[in-house]
S.K.: 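My structure is below; once you've seen it, I'll send some questions.
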Amino acid sequence: MAVIQHETTIAEAADRLSKELPGHRVEILQGRLTVTPPADGPHAESLAWLGEQFFAAGARQAGMKYLQAIGLWLPSGPSDRAIPDLSVVDADYRDAHVEKNYYAPHAFRMVLEITSSNWSDDLGTKVDCYAQAGIPVYLVADHRHDEAVLYTDPRGGEYRSRKAFKRGTSVPLPESLGITLELPVDRLLDGDED
């Protein structure tokens, strides 16, 4: 009697892990499966504070929404997908639905990552993936190097501009985003300590 074996695809493995590890972020980056544990308190505080900043800057009136942990479909591989910590998307992002909980990159104006145990992905693999996807603005709150890094101007699969900002300074978001907003590096890294 012949035994028929089913080889699991990376997308099937990711779906299974998502169900088995609630609260974990399961991503496929350049054909590699990654799993990140839930955020700690300061990480979550930074994200909540960022939402307040985008609200105060008039992001909604400018036709944007700012969402935590929304799926981004990536063109870097057949099953590639990411779940950025925070995304600034067009108000009609739902029209860009690809499948499951993932949306096409053209609906994303900006993504932000706050590094944790996966810092090498945020500073390496995701820079490449987001540039290939044409995400106009990528901001990383980099705990490993105690700075914030702003990537802009994606062309030819890479970001043409990379600017690092140290503690005590602020990151001015590009005017092309559609709002005026400067984000203090200390708050990005430490959360809302008020």
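Because only heavy atoms are used, hydrogens play no part in the values below, and waters and symmetry mates are left out as well, while side chains stay in. Predicted model only: the values in this text are computed from it and were never measured. Numbering starts at 1 and runs along the sequence shown.
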S.K.: In Å and rounded to the nearest 0.5 Å, what is the CD to OG distance from Glu27 to Ser79?
M.R.: 14.0 Å
S.K.: How about Asn101: does its CG atom have over 12 heavy atoms from other parts shown lying under 6.0 Å from it?
M.R.: no
S.K.: Answer yes when Asp186 and Arg167 have at least one side-chain N-carboxylate O distance shorter than 4.0 Å, and no when they do not.
M.R.: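 Salt bridge flag = yes for Arg167 with Asp186.
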S.K.: Knowing that exactly one of Thr152, Leu112, Val111 qualifies, which makes a side-chain contact (heavy atoms from CB on, under 4.5 Å) with Val137?
M.R.: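 Filter result, single survivor: Thr152.
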S.K.: What distance do Thr115 atom OG1 and Leu123 atom CG have between them, rounded to the nearest 0.5 Å?
M.R.: 6.5 Å
S.K.: Report yes or no: does Arg162 contribute a side-chain atom to a donor-acceptor pair with the main-chain N or O of Val149 at less than 3.5 Å?
M.R.: no
S.K.: Would you check if Trp49 and Leu183 make a side-chain contact, meaning some heavy-atom pair closer than 4.5 Å?
M.R.: yes
S.K.: Taking the six-membered ring of Tyr66 (Phe, Tyr or Trp), confirm whether the NZ or CZ of Arg60 is under 6.0 Å from its centre and within 45° of its axis.
M.R.: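 So Arg60 does make the cation-pi contact.
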S.K.: Looking at Pro84 and Ile70, what are the two nearest heavy atoms and their distance?
M.R.: CD-O, 3.4 Å
S.K.: For Trp73 versus Arg81, what's the shortest heavy-atom pair and its separation?
M.R.: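 Closest approach of Trp73 to Arg81, heavy atoms only: CZ3-CD, 4.1 Å.
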S.K.: Considering non-hydrogen atoms only, spot the tightest contact between Trp119 and His145 and give its length.
M.R.: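 Here Trp119 and His145 meet closest at CZ3-CE1, 4.4 Å.
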S.K.: Quick one: do the Tyr151 and Glu158 side chains pair a donor with an acceptor below 3.5 Å?
M.R.: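 No, because no side-chain N or O of Tyr151 sits under 3.5 Å from a partner of the opposite role on Glu158.
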S.K.: For Gln30 and Asp80: C-alpha separation, side-chain torsions, deciding distance, then whether side chain to side chain contact (heavy atoms under 4.5 Å, CB included) applies.
M.R.: CA-CA 6 Å; Gln30 296 177 337; Asp80 283 7; 4.2 Å; yes
S.K.: Would you name the heavy atoms of Leu189 and His143 that are closest together and state the gap between them?
M.R.: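 Distance-wise, the nearest heavy atoms are O-NE2, 2.6 Å.
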S.K.: Is the closest side-chain heavy-atom distance between Met110 and Leu177 below 4.5 Å?
M.R.: yes
S.K.: Locate the shortest heavy-atom distance separating Ile179 from Ala62; write the atom from each residue and the value.
M.R.: CG2-CB, 3.9 Å
S.K.: So, Asp90 and Lys65, do they make that salt bridge, N to O below 4.0 Å?
M.R.: no
S.K.: Could you check whether any side-chain N or O of Gln132 sits under 3.5 Å from a backbone N or O of Cys129, counting only pairs where one atom can act as donor and the other as acceptor?
M.R.: no
S.K.: Using 0.5 Å steps for rounding, measure from the OH atom of Tyr93 to the OG atom of Ser87.
M.R.: 10.5 Å
S.K.: I'd like to know if the side chain of Asp153 reaches the main chain of Ser161, judged simply by a donor and an acceptor atom lying under 3.5 Å from each other, with no hydrogens or angles considered.
M.R.: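 Between the backbone of Ser161 and the side chain of Asp153 there is no qualifying donor-acceptor contact (under 3.5 Å).
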S.K.: Report yes if some heavy atom in the side chain of Tyr159 is under 4.5 Å from a heavy atom in the side chain of Asp128; otherwise report no.
M.R.: no
S.K.: Quick check: closest heavy atoms across Pro105 and Leu72, and the distance to 0.1 Å?
M.R.: CA-CD1, 3.6 Å
